[in-house]
Amino acid sequence: MTIHHQMHAHPVPRSAWLGRFQRVRALSEDLARDLHPEDQTVQSMPDASPTKWHLAHVSWFFETFILVPHLPGYTVAHPQFAYLFNSYYEAAGARHARFARGLITRPTVDEVAAYRGWVTAAMGELISTAGEAAFTAIAPLLDIGINHEQQHQELILMDILNLFAANPLRPAYRPSAAASTGSAPELAFFDYPGGIFEIGHAGPGFAYDNEGPRHEVLLRPFRLASRAVTNAEWIAFMEDGGYGRPDLWLADGWARVKAGEYAAPLYWEKTAAGWEAMTLTGQQPVELAAPVVHVSYYEADAYARWARRRLPTEAEWEVAARPVPVCGNVLESGALRPLPAGPAASHPAQLYGDVWEWTQSPYVAYPGYRPAPGALGEYNGKFMCSQMVLRGGCCATPDGHVRATYRNFFYPHQRWPFAGLRLAEDA
C-alpha cells in the first residue's frame, strides 16, 4: 500500500509514538473487556469476524509487516498464527477461510491476549531502540498499523452487535445511557456553488492510498442537507409504503425487498409499544430524533427518491466538509449510538460521527492512482469494484481516525455498518 505520510521537520519524539501505539492497543483490549470468552469466539455471519480474531489479526499485522523485517532476532509467537490470522493478503501466504473464522476455538481468548502482549512488548522495544535511519523507514508502517487497528476497533463493535442481535436474550454490550430528550432541528439545506474544486489528500499527515492523488473535479451548484435523515423521517417513508413501491428502487435493491431481506432498517422490530431496535446497549425504543442507521445503499437511494432528492456525490460531500472542524459523536463520546443533531449554524451538522453517510459515488480509483507492489498494496486497491463510498465516520469510529478525505466503502446491500444518509439536491 502507498502511504501518504510526511515526517515533520521536527520529528515526533519516540515517547509520543510509543504512547500513541500503546493507547490504541489498550483501547482494543478495553473494547473486549466486558465480553465473555464465548462472545469472542462466535462468528454471526460470513461478513463478520469473532472479536478474538480481530484482536489477533491486528497483532499479526504488526508482527508480519514490522517486527519480522525490522526487529533483529524477533521470533514469531506461533508458526501457525500467520495462517490463522491473515485476512486477505495473498502475497503474505495462505490463510484460513473467512467464513470459517468462528471455528477457530484455539488459540483461546487467554492465548490471544498473551499473543497481543508478546507483539506489544516487541513493538515497544523496536520503537524505543531502533536507530534514526531505521525508525524513519518504520514510522510510516507504524502509522498504518495504528490506523489499521483503529479500523478493526470499529469492526469489533459492528460484529458484536450483529452477534448479540442474533441472540434471543438480546444481551447488552455496555449499559444503556439515558436516551436523549431533544428533537431534531428542522431540515434545511446549505447552498454550494459550482466550479472546479480539488479533492483528495495532500500535505502532511497520514492518509490511506485510496484518498489520493489530489485532483480536480467539476461540480454543478448543489445543496446539502443540514443533518442526517432521522428515524422519524424513515418511519414516514415506511408508512407511505416505501418498501412496497418498485418505482423507488434500483433493480438489485428491489430484488432484495421481494426476497424478504428488507422491510425496515436492520435490527428493527415492531412491538406492541412501537418500533424497537437492537443496539450495543441492548434492545431499545427507536429514538425518533436520532439518525437512522443500519440501512443499505439501496435503502438510502430509495429513501432519497421518495423524498424527491438524491444522495450526494463523494466530491460534493468532501467540498462541504473540508472547512468543518473534525469533531462529533464518535467512539470516545461513549454514546455507542447515533444522537440527534444539534443546530446547524454556518455549516451542516453531523458531518463527522453518528453515522457513515452513503454517497452515490462508486468506489473507484482516483485519476493517477497506483497501488504499491507487495502485500500492503492489497490494502485498498483490489477492492475498487462493485462497492459504494461512505463518508464522515460514525458513533463507533475511534477519535482521530476520520478526516474530510477519508473514503470508507461497502457493498450496496450491506447493512451491518453504522451507515445512514444525508440528502442532497441540485441547486
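Start at 1 with the first residue, then count along the sequence. The figures that follow rest on heavy atoms only: side chains count, while hydrogens, waters and symmetry mates do not.
Atom CG in Leu155 sits 12.5 Å away from atom CD in Gln150 (nearest 0.5 Å). A distance of 8.0 Å separates SG in Cys395 from CG in Leu339, rounded to the nearest 0.5 Å. For the atom pair CZ (Arg98) and CG (Asn86), the distance works out to 12.5 Å, reported to the nearest 0.5 Å. Separating the CG atom in Leu311 from the CD atom in Glu425 is a distance of 12.5 Å, to the nearest 0.5 Å. The structure places CH2 of Trp416 at 11.5 Å from NE2 of His294, a figure rounded to the nearest 0.5 Å. For the atom pair Leu55 CG and Gln40 CD, the distance stands at 6.0 Å (nearest 0.5 Å).
Each salt bridge (charged side-chain N to carboxylate O under 4.0 Å, His left out) pair with one or both residues in residues 396-415, not counting sequence neighbours, appears once here: Glu211-Arg403, Glu299-Arg415, Glu314-Arg407. Residue pairs meeting the ring-ring contact (aromatic ring centres under 6.0 Å, His included) criterion with at least one partner in residues 304-334, sequence neighbours excluded, are Phe237-Trp306, Tyr303-Trp306, Trp317-Tyr352.
For Glu316 (side chain) and Thr313 (main-chain N/O), a donor-acceptor pair under 3.5 Å exists by modelled atom type. When atom types are taken as modelled, the side chain of Glu261 and the backbone of Arg256 share no donor-acceptor pair closer than 3.5 angstrom. Listed for the Gln284 side chain is a donor-acceptor partner under 3.5 Å among the backbone atoms of Thr281. Side chain of Gln22 to main chain of Gly19: no donor-acceptor pair is present (N/O by atom type, distance under 3.5 Å, no hydrogens or angles). No donor-acceptor pair closer than 3.5 Å links the side chain of Lys258 to the backbone N or O of Gly253. With His57 contributing its side chain and Phe85 its backbone, the two residues share a donor-acceptor pair below 3.5 Å. Distance alone, capped at 3.5 Å, is enough to place a donor-acceptor pair between the Asn167 side chain and the Leu169 backbone.
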Practice item. Give the intermediate values and the outcome of side-chain hydrogen bond (donor to acceptor under 3.5 Å, both in side chains) for residues Ser28 and Gln153. Key: CA-CA 6 Å; Ser28 298; Gln153 290 165 350; 3.0 Å; yes
Point to revise | Asp143 and Arg20: CA distance, side-chain angles, deciding distance, salt bridge (Lys or Arg N to Asp or Glu O under 4.0 Å) verdict | key: CA-CA 10 Å; Asp143 221 353; Arg20 182 176 167 222; 2.7 Å; yes
Exercise for review: Given salt bridge (Lys or Arg N to Asp or Glu O under 4.0 Å), test Glu269 with Arg170 step by step and report yes or no.
Suggested key: CA-CA 12 Å; Glu269 181 180 343; Arg170 299 292 192 268; 3.4 Å; yes
Exercise for review: Apply salt bridge (Lys or Arg N to Asp or Glu O under 4.0 Å) to the pair Glu276 and Lys270, showing each step before the final yes or no.
Suggested key: CA-CA 6 Å; Glu276 296 182 352; Lys270 190 65 176 290; over 6 Å; no
Exercise for review: Start with the C-alpha gap between Tyr192 and Leu224, add the side-chain angles, then the distance that decides, and say whether side-chain contact (heavy atoms from CB on, under 4.5 Å) holds.
Suggested key: CA-CA 8 Å; Tyr192 295 88; Leu224 192 66; 3.9 Å; yes
Check your understanding: Which is it for Trp275 and Ile235 under the side-chain contact (heavy atoms from CB on, under 4.5 Å) test, yes or no, and what are the steps along the way?
Key -> CA-CA 9 Å; Trp275 284 105; Ile235 290 171; 3.9 Å; yes
Practice item. Decide side-chain hydrogen bond (donor to acceptor under 3.5 Å, both in side chains) for Asp159 and Ser49; before the verdict, give the C-alpha distance in whole Å, the side-chain angles of both, and the deciding distance to 0.1 Å. Key: CA-CA 6 Å; Asp159 293 354; Ser49 298; 4.6 Å; no
Exercise for review: Evaluate the criterion side-chain hydrogen bond (donor to acceptor under 3.5 Å, both in side chains) for residue pair Asp34 and Tyr173; output intermediate values, then yes/no.
Suggested key: CA-CA 7 Å; Asp34 298 327; Tyr173 166 74; over 6 Å; no
**Study point:** Derivation and outcome, side-chain contact (heavy atoms from CB on, under 4.5 Å), residues Leu288 and Thr230
**Key:** CA-CA 7 Å; Leu288 297 179; Thr230 66; over 6 Å; no
Practice item. Take Ile104 and His96, measure what side-chain contact (heavy atoms from CB on, under 4.5 Å) needs, and give me the verdict at the end. Key: CA-CA 9 Å; Ile104 304 173; His96 188 73; 3.6 Å; yes
Exercise for review: Using the side-chain hydrogen bond (donor to acceptor under 3.5 Å, both in side chains) rule, take Tyr267 and Gln283 through it: C-alpha gap first, then chi angles, then the decisive distance, then the call.
Suggested key: CA-CA 9 Å; Tyr267 308 136; Gln283 185 136 328; over 6 Å; no
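In this structure, the ring of His148 has its center no less than 6.0 angstrom from the ring center of His401. Taking the centre of each ring, Tyr406 and Trp356 come in below the 6.0 Å mark.
Here Glu357 pairs with Arg422 in a salt bridge; the nearest charged N to carboxylate O distance falls below 4.0 Å. Salt bridge Asp301/Arg305: present, at least one basic N to carboxylate O contact under 4.0 Å. The pair Asp209-Arg370 fails the salt-bridge criterion, with no side-chain N (NZ, NE, NH1 or NH2) lying under 4.0 Å from an Asp/Glu carboxylate O.
Looking only at side-chain heavy atoms (C-beta outward), Val292 and Val355 stay at 4.5 Å or farther from each other. Using a 4.5 Å heavy-atom threshold, the side chains of Trp53 and Ser87 count as touching. With contacts defined as side-chain heavy-atom distances shorter than 4.5 Å, the pair Phe164/Leu35 qualifies. The closest side-chain heavy-atom distance from Val389 to Asn408 is not below 4.5 Å. By the 4.5 Å heavy-atom criterion applied to side chains, Leu421 and Trp234 are counted as neighbours. Side-chain contact between Glu332 and Leu27 is present, with heavy atoms from C-beta onward closer than 4.5 Å. By the 4.5 Å heavy-atom criterion applied to side chains, Arg337 and Phe418 are not counted as neighbours. Trp268 places a side-chain heavy atom less than 4.5 Å from the side chain of Met238.
Using a 3.5 Å distance cut-off with no hydrogens or angles, the side chains of Tyr363 and Asn210 do pair a donor with an acceptor. Looking only at atom types and distance, the side chain of Tyr297 has no donor-acceptor partner in the side chain of Gln360 under 3.5 Å away. Residues Glu154 and Thr397 bring a donor and an acceptor atom of their side chains to less than 3.5 Å of each other.
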Let me check something: any side-chain donor-acceptor pairs from residues 213-222 under 3.5 Å, sequence neighbours excluded? List them with distances.
unit_1, atom_1, unit_2, atom_2, d
Arg214, NE, Glu198, OE1, 3.0
Arg214, NH1, Gly200, O, 2.5
His215, ND1, Pro213, O, 2.9

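The neighbour count for Arg33 CZ, taken as heavy atoms of other residues, nucleotides or ligands under 6.0 Å away, is above 12.
When all heavy atoms are compared, the tightest approach of Asp191 to Ala427 is OD1-CB, 4.4 Å.
Shown here are the ring-ring contact (aromatic ring centres under 6.0 Å, His included) partners of Tyr89, two or more places apart in sequence or in another chain: Trp60, Phe65. Every ring-ring contact (aromatic ring centres under 6.0 Å, His included) that Phe21 has, sequence neighbours left out, goes to Phe62. Every salt bridge (charged side-chain N to carboxylate O under 4.0 Å, His left out) that Arg116 has, sequence neighbours left out, goes to Glu29, Glu149.
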